[in-house]
**Student:** 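Take this structure, written in structure tokens, and hold onto it; I'll ask about it next.
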Amino acid sequence: MGAAARFILRRKGGKGWHWTDIVTWVWLTGGLIIMFGPAVWLGFSSFKTPAALAEFPPSILPYVTSQATVEGYDKPLQLFNAKMPDGSTRVLAEVRRIGIMSQMVDPKAPGEIVRININDRQPVRTLSFATSNYTEPFVHFDFLRYLWNSVFVTVTATLITLVVNSMAAFALSKYEFRGRSAAMLIILATLMVPLSVIMVPLYSIISSLGLFNSLWGVILPTVATPTGVFILRQYMLTIPDELIDAARMDKASEWQIYWRIVLPLTAPALAVLAIFSVVWRWNDFLWPLIVLSRRELYTLQVGLSIYSGELNVQWHFILAMTVVTMIPVVLVFIFLQRFITTGIAGTGLK
Amino acid sequence: MTSPSPTSSSSSRLGALLMAPVNALMRLIDVPLRGLQKSTGIGGMAAFFLAPNMLIFGIFVLLPLVINFVYSMTGGTAFFLAERNFVGGEQYARLFTCQNYLDPMSCQEDAFWTAVGNTFWFVILQVALMILTALITALILNRDLAARSFWRAVFFFPVLLSPVVVGLIWKWILQRQGLLNFILFQFGDTEPYTWLTDRTWTFAATIGVSIWAHMGFYALILLAGLQAIPKDLYEAAEMDGTKPARVFWRITLPLLAPNLLVVVVLALIRAVQIFDEVYVLTGGGPGTSTLYLTQYIYETGFASALRNPGLAAAASILMGSVLVVLTLIQLGIGRKNENKGKR
Amino acid sequence: MGEIKLTDVKKSYGAVDVLKDINLHINDGEFVVFVGPSGCGKSTLLRTIAGLEKVTGGEIEIDGKRVNEVTAADRGLAMVFQSYALYPHMSVRQNLAFGLENSNMPKPEIAERIQEAARMLEIEPYLERRPGQLSGGQRQRVAIGRAIVRRPTAFLLDEPLSNLDAELRVSTRAELAALHARIGSTMIYVTHDQVEAMTLAHRIVVMRAGRIEQVGTPLELYNTPANRFVAGFIGAPHMNFLSGEVQEVETGSVTLVIGGGHRLTVPLADHKLRGHKLKAGEKLTVGIRPQHITLENNPGSLPVKVRLVEALGSETVIHADLNGEKLLAVVQGQKQIVPGDEVHFSLAGAPLHLFDQNGLRVKGA
Ligand SMILES: Nc1ncnc2c1ncn2[C@@H]1O[C@H](COP(=O)(O)OP(=O)(O)OP(=O)(O)O)[C@@H](O)[C@H]1O
Ligand SMILES: [Mg+2]
């Protein structure tokens, strides 16, 4: 730890410990635990059986108590490490418990019943990952359906966003026309209209268009993002106009100029927008919650929140499905983190 | 000068193969569009490119914005405007009818005023604490750290998580037999806390969780601001033998101030709209102790049996006007910063 | 064919008139160069011919057909841009092919034309590279190649050499001249560089503030500039201008008094100045090219005070002062002169140019 700390805190190193070095060290270590800890805890918990989840104090890794079928007993019996009166330890199966005494049998010789104080026995536990937490919701519940809905919404909305926003950005950056500044102004003004302000009338529009209880009702209101138009336009302004003139001299139609010249050159900005759009749409909650009321249409986020809000929460499934929901975003985070952080620092969007 | 390597050319060949159907489609689209271009001219094509975005934008953003005002002046439970009866300012009057203006519970819409009060305190506390932690984090990340991008990623990680996931993670940790109680138990606290069912704790829990989820974003922007401060200023201060604390108060903070202001307003705008995480974490409860404005609007408009879309619209307009004021402040700050940059 | 005719062409951006009544006739196969100070409207004129800008008045004809309403794509012209404007995401080959594909040319023919242009411009080794992987000179060739493969009726080139270093510019200039001789298409060429204009052009068009000042062959412009602006613009260093007053008008010559009371006699074929005769007392400007001044002390030579001497080896540039008026001389060889010296500038045998008070050339001078 000392070496690591010296490595981390090399700035004032050598001159002894300045108080800021200590604060830095505490803050970073604390941050590491607090920021990553919950997600890691979630990950481990998602592999525990319902019984292990109910345990208090909880163990970090997913353990299960071992059981054995013993001749003469219908149900499997739980195994314990029992301390015998003579001081030796044996693995015994518990038949029943009476008060503080436990009646146990040796699984290999089930004839004789041994009585042990419950404080003298420890359950036998083995590390085991309850993968059924993951497989069952897909088979017995609609989670596969939800997953598909989420993927569909995310992919479709992102594709439409990219096409529609880039077309608009092209018009707003490479053409002079009357009303251009008016269009820009409207977009700027509504940059800050949040869903929470317009959800009631938007709902009525969606229903009158027949899009209530339809994934398109979730997708369409999100695709004309002013933010997207903004980033793309900003980027397209840096493409020299001479290139477009050259293409016009080369007999390219305006659509070809958009498709073959401007779009390929906007690729970096399109990538940033695509990443953000994927994260936004994957994470959307309130609007899908309003538009989708039929179970088979739920997205993962809606499905999760509905299941977790039920009276009898089946935490083992919920936790596993939370992990599934988290995975795409974590992947995006791991592989595209640098892209995203510079994107945010540059544009202040989220 | 590098000549293209064989791998890059073969991968580009693969790309070309994948793009072939798309290119064919685009060529197909081009045929009618060339015709269109002939008749409208080059300038007319601008309208064509703008149209889809503006259409969607108009239908799903501008139109609702306008309809919202109409909605707020109609009554009934129907959603179609034609089936709604005009009531004038009745919805607003209802929101503002109170016996005693100092006591929210005496108002006719006591839930609204509870939500307003909760949101108010939430916004104040969450933004203050979050910006403070974000500032400290940014200052620390701005030090000469090894593996700075790793540490930046650590604090940024929760930002991308969906609010539902955030809510569930913490619901799991804060439950009666959860991790937090276990940790406290290790430190000798035998009585488990009921974080999510006890009025005293839920409010704090929502603040803490939302700070956890969003702090990294603001730290990132502040860090960018810190890194934009010219290094030679610090070197000059060091040459003058200025004390670190003085450097912070006299150089870092004043130069960071514009960024800090933008970040505060941005955080305010977002905090006013808090919903998703809290909805999953506490559902607004226990009672109405964590009922915030967006949830009030949502439940009044859609979820409750006694739904009243008009009342929800009126409340959303009130919330919207707060956001407009905040946005104008933000744009004003942005303009001022820009001018400063020019001078 | 590549005959281009401009009649009263006007262009304005809002209230700003950028082109004012341009009349110009360019013959097929001609190499025409537009020169003029920055912002005078050269590029704008070229772009209106190209069809990238719409004219606000007047008429453009190509091969006898009015093309005002024809789009850039359909005018059959090709343009080489100052920044080259190569598509950065396409290989050189794709850059050359783009325009041909757009006119639905069969693939084998495209390949053939690219091959031919690449051979002509010696860019064959780079065909698969992206523009970003080429040097400035190579990019420039690709830009010209992109125009050549189109086999346009005319080439429009907007300062195509200005991004090259001096040496490369000289060699590319020669190649461009050879290229024109070989293809024989009409070329319209915009430049700032006088040497380019003088060496390349059949005819030079001198522009100022949206107007054409003079059109003529390089030597016409050099020898008989139509006005003071053209006289000062063509030739380097600039022509010297001395103000003077007509003292005496004789048949075949006119005598002027210039600063310091010196007299200058200028031979004049026809002393009529646009209808009216030169009269004694009239104010005129005399123009003398620095290269025509010699360092001889003979009767009638001007005593000047040397201010600055620039020795270039093969020639010496002398900045001098004649009664408060600046006078520049470029003399052959190396001279033992230092600032402060008094020397004599001889104008004997130098072609003198006379301009009236409006800056227009006095006929016959
Ligand atoms: N889109 C425009 N809007 C308004 N004015 C313009 C526009 N384009 C050009 N101008 C003006 O027209 C005038 C001529 O510009 P042009 O580019 O033709 O000059 P130029 O002779 O090519 O100059 P240079 O030698 O510097 O390239 C300039 O004064 C310029 O400011
Ligand atoms: Mg120009």
Side-chain angles (χ1 to χ4, degrees), chain A residues 7-8 10-11 24 27-28 31-32 35 38 41-42 56-58 164-165 167-168 170-171 175 177 190 192-194 196-198 200-202 204-205 207-208 220-221 223-224 229 253-256 259 279 283 285-286 290 301 304-305 308 318-319 322 325-326 329 333 337 341 344-345 348 350, chain B residues 26 30 33-34 37 42-43 45-46 49-50 52-53 56-57 60-61 63-65 67-68 71 79 140 143-146 151-158 160-165 168-169 172-173 177 179 182 217 220-221 224 273 275-276 280 294 297 301-302 309 312-313 316 319-320 323 327:
Chain A
F7 183 52
I8 293 162
R10 63 181 169 192
R11 185 176 190 185
T24 302
W27 195 268
L28 292 180
L32 189 64
M35 293 295 163
W41 177 245
L42 170 77
F56 192 88
V164 167
N165 285 5
M167 279 170 68
F170 176 50
Y175 292 90
F177 55 91
T190 48
M192 302 287 170
V193 178
S196 43
V197 171
I198 55 169
V200 177
L202 186 55
S204 81
I205 286 173
S207 345
S208 39
L220 286 179
V223 295
V229 176
S253 68
E254 300 303 299
W255 176 257
Q256 272 179 311
W259 170 247
V279 173
N283 289 349
F285 173 60
L286 175 57
I290 292 172
Q301 314 286 346
L304 262 182
S305 89
S308 73
I318 294 291
L319 293 177
T322 307
T325 310
M326 206 169 79
V329 170
F333 177 78
Q337 191 247 125
T341 46
I344 286 181
K350 179 185 166 190
Chain B
M26 289 297 155
D30 191 39
L33 287 183
R34 263 182 198 268
Q37 187 179 335
I42 285 174
M45 290 305 283
F49 283 113
L50 205 54
N53 199 70
I56 298 177
F57 194 66
F60 296 110
V61 180
L63 190 60
L65 211 55
I67 294 186
N68 214 9
Y71 247 93
F79 271 105
I140 285 176
R143 301 188 77 198
D144 192 13
L145 295 179
W151 290 112
R152 194 179 55 185
V154 166
F155 288 94
F156 182 71
F157 167 70
L160 291 184
L161 294 182
S162 90
V164 173
V165 168
L168 286 175
I169 288 179
W172 174 239
I173 289 175
Q177 308 216 328
L179 183 65
F182 170 62
F217 173 74
L220 204 68
I221 298 184
Q273 304 170 49
F275 172 75
D276 301 9
V280 173
T294 303
I297 296 170
F302 305 95
S316 76
M319 178 166 119
L323 293 175
T327 305

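In the text below, chain A, chain B and the rest are named by the order of the sequence lines, each starting its count at 1.
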**Student:** Let's go through Q256(A) and M26(B) carefully: what are the C-alpha distance in whole Å and the side-chain angles of both, what is the deciding distance for side chain to side chain contact (heavy atoms under 4.5 Å, CB included) to 0.1 Å, and is it a yes or a no?
**Tutor:** CA-CA 8 Å; Q256(A) 272 179 311; M26(B) 289 297 155; over 6 Å; no
**Student:** Taking side chain as everything from C-beta outward and backbone as N, CA, C, O, which of these in F285(A) sits under 4.5 Å from a heavy atom of chain B? Side chain, backbone, both or neither.
**Tutor:** both
**Student:** Tell me, side chain or backbone of W27(A) under 4.5 Å from chain B's heavy atoms, or both, or neither?
**Tutor:** both
**Student:** Please check this pair: side chain of N68(B) against backbone of V197(A), looking for a donor-acceptor N/O pair closer than 3.5 Å.
**Tutor:** yes
**Student:** Of the non-hydrogen atoms in D30(B) and S253(A), which two are nearest, and what is the gap between them?
**Tutor:** OD1-OG, 2.6 Å
**Student:** Is there a donor-acceptor pair closer than 3.5 Å between any side-chain N or O of Q37(B) and the backbone N or O of E254(A)?
**Tutor:** yes
**Student:** For P52(B), check side chain to side chain contact (heavy atoms under 4.5 Å, CB included) against everything at least two apart and list the hits.
**Tutor:** V164(A), M167(A)
**Student:** Highest number of heavy-atom pairs under 4.5 Å with chain B: which of L42(A), V223(A), T322(A)?
**Tutor:** T322(A)
**Student:** Taking every heavy-atom pair that is under 4.5 Å apart, which of I67(B), I140(B), I56(B) has the most such pairs with chain A?
**Tutor:** I140(B)
**Student:** For N283(A) and L160(B), indicate whether the former's side chain and the latter's backbone hold a donor-acceptor pair under 3.5 Å.
**Tutor:** yes
**Student:** Please find the pair of heavy atoms, one from L323(B) and one from P194(A), that lie closest to each other, and give the distance.
**Tutor:** CD1-CG, 3.4 Å
**Student:** Name the orientation class of the two ring planes belonging to F333(A) and F157(B) (parallel below 30°, tilted from 30 to 60°, perpendicular beyond 60°).
**Tutor:** perpendicular
**Student:** Sort I205(A) into side chain, backbone, both or neither according to what part of it lies under 4.5 angstrom from a heavy atom of chain B.
**Tutor:** side chain
**Student:** Are D276(B) and Q301(A) close enough, and set up right, to give a side chain to side chain contact (heavy atoms under 4.5 Å, CB included), and what steps lead you there?
**Tutor:** CA-CA 10 Å; D276(B) 301 9; Q301(A) 314 286 346; over 6 Å; no
**Student:** Who among A153(B), P163(B), A312(B) has the most heavy-atom pairs with chain A under 4.5 Å?
**Tutor:** A153(B)
**Student:** Against chain B, work out which of Y175(A), W255(A), F170(A) has the most heavy-atom pairs shorter than 4.5 Å and name it.
**Tutor:** W255(A)
**Student:** If you take all heavy atoms of A171(A) and A46(B), which pair is closest and at what distance?
**Tutor:** CB-O, 3.5 Å
**Student:** If we define contacts as heavy-atom pairs under 4.5 Å, which of L161(B), I169(B), V164(B), L33(B) has the most with chain A?
**Tutor:** V164(B)
**Student:** Find the one option among S208(A), S305(A), S207(A) whose heavy-atom pairs under 4.5 Å with chain B are most numerous.
**Tutor:** S208(A)
**Student:** Return the option, out of W172(B), F60(B), F275(B), F156(B), with the maximum number of heavy-atom pairs under 4.5 Å with chain A.
**Tutor:** W172(B)
**Student:** Any side-chain heavy atom of T24(A) sitting closer than 4.5 Å to one from L145(B)?
**Tutor:** yes
**Student:** Would you mind checking which part of L50(B) comes under 4.5 Å of any heavy atom in chain A, side chain (CB onward), backbone (N, CA, C, O), both or neither?
**Tutor:** both
**Student:** Using non-hydrogen atoms and a 4.5 Å limit, figure out which bit of F57(B) sits close to chain A: side chain, backbone, both or neither.
**Tutor:** both
**Student:** Of all residues at least two apart in sequence or in a different chain, which pass the side chain to side chain contact (heavy atoms under 4.5 Å, CB included) check with L32(A)?
**Tutor:** F36(A), F150(B), W151(B), V154(B)
**Student:** Can you say whether P158(B) sits under 4.5 Å from chain A via the side chain, the backbone, both, or neither, judging by heavy atoms?
**Tutor:** side chain
**Student:** To the nearest 0.5 Å, what is the distance between CG (L63(B)) and CD1 (I198(A))?
**Tutor:** 9.5 Å
**Student:** Checking V165(B) against chain A: side chain, backbone, both or neither under 4.5 Å from a heavy atom?
**Tutor:** both
**Student:** Chain A heavy atoms under 4.5 Å from F155(B): which part of the residue, side chain, backbone, both or neither?
**Tutor:** both
**Student:** Please find the pair of heavy atoms, one from S316(B) and one from S196(A), that lie closest to each other, and give the distance.
**Tutor:** CB-O, 3.9 Å
